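Each remark here refers to the structure printed beneath this line.
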Amino acid sequence: MTVSSANLPKISIEAIVQRIFAFRQITPLDRRLIKSAVLDGLDDKDHAHLNRVCQGIQNGLILVVE
């Protein structure tokens, strides 16, 4: 079953990033939630949070789960 972006709850980028770092992984649901939030627009703080996630993935701190 696929969940469309229209059915996703509105969750802040900060909350999503906190969850990603708490579990040290980014799931398909996390990626869909981020995509939905990005479509709503980002501010500088959101960009900083997403950069932190990207750095975590690049440094091996965050596992990308399929």
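Every value quoted in this text rests on a predicted model; they were computed, and no experiment measured them.
Within 6.0 Å of atom CZ in R24, 12 or fewer heavy atoms from other residues, nucleotides or ligands are found, so the atom counts as exposed in its surroundings. Under a cut-off of 6.0 angstrom, the local environment of CG in D44 is sparse, with at most 12 non-hydrogen atoms contributed by other residues, nucleotides or ligands.
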Open item on the list: I'd like to know whether H49 forms a side-chain contact (heavy atoms from CB on, under 4.5 Å) with L42, so could you lay out the CA-CA distance, the side-chain angles of the two residues, the decisive distance to 0.1 Å, and finally the verdict.
Closed with: CA-CA 10 Å; H49 287 304; L42 300 176; over 6 Å; no

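Side-chain contact between K10 and D40 is present, with at least one heavy-atom pair separated by less than 4.5 Å.
No path of Ile, Leu, Val, Met, Phe, Trp and Tyr side chains, each step under 4.5 Å between heavy atoms, connects F23 with I11, placing them in separate hydrophobic clusters.
Taking both residues in full, the closest heavy atoms of V65 and P28 are given as O-CD, 3.3 Å, listed atom of the first, atom of the second, then distance. In plain terms, the two heavy atoms of G41 and D46 that are nearest each other are O-OD2, 4.2 Å.
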What side-chain donor-acceptor pairs closer than 3.5 Å can you find for residues 50-63, not counting sequence neighbours?
residue: N51; atom: ND2; partner: H47; partner atom: O; Å: 3.3
residue: N59; atom: ND2; partner: Q55; partner atom: O; Å: 3.1

What donor-acceptor contacts under 3.5 angstrom involve side-chain atoms of residues 12-21, with partners at least two apart or in another chain?
residue: S12; atom: OG; partner: A15; partner atom: N; Å: 3.0
residue: E14; atom: OE1; partner: K45; partner atom: NZ; Å: 3.3
residue: R19; atom: NH1; partner: D30; partner atom: OD2; Å: 3.1

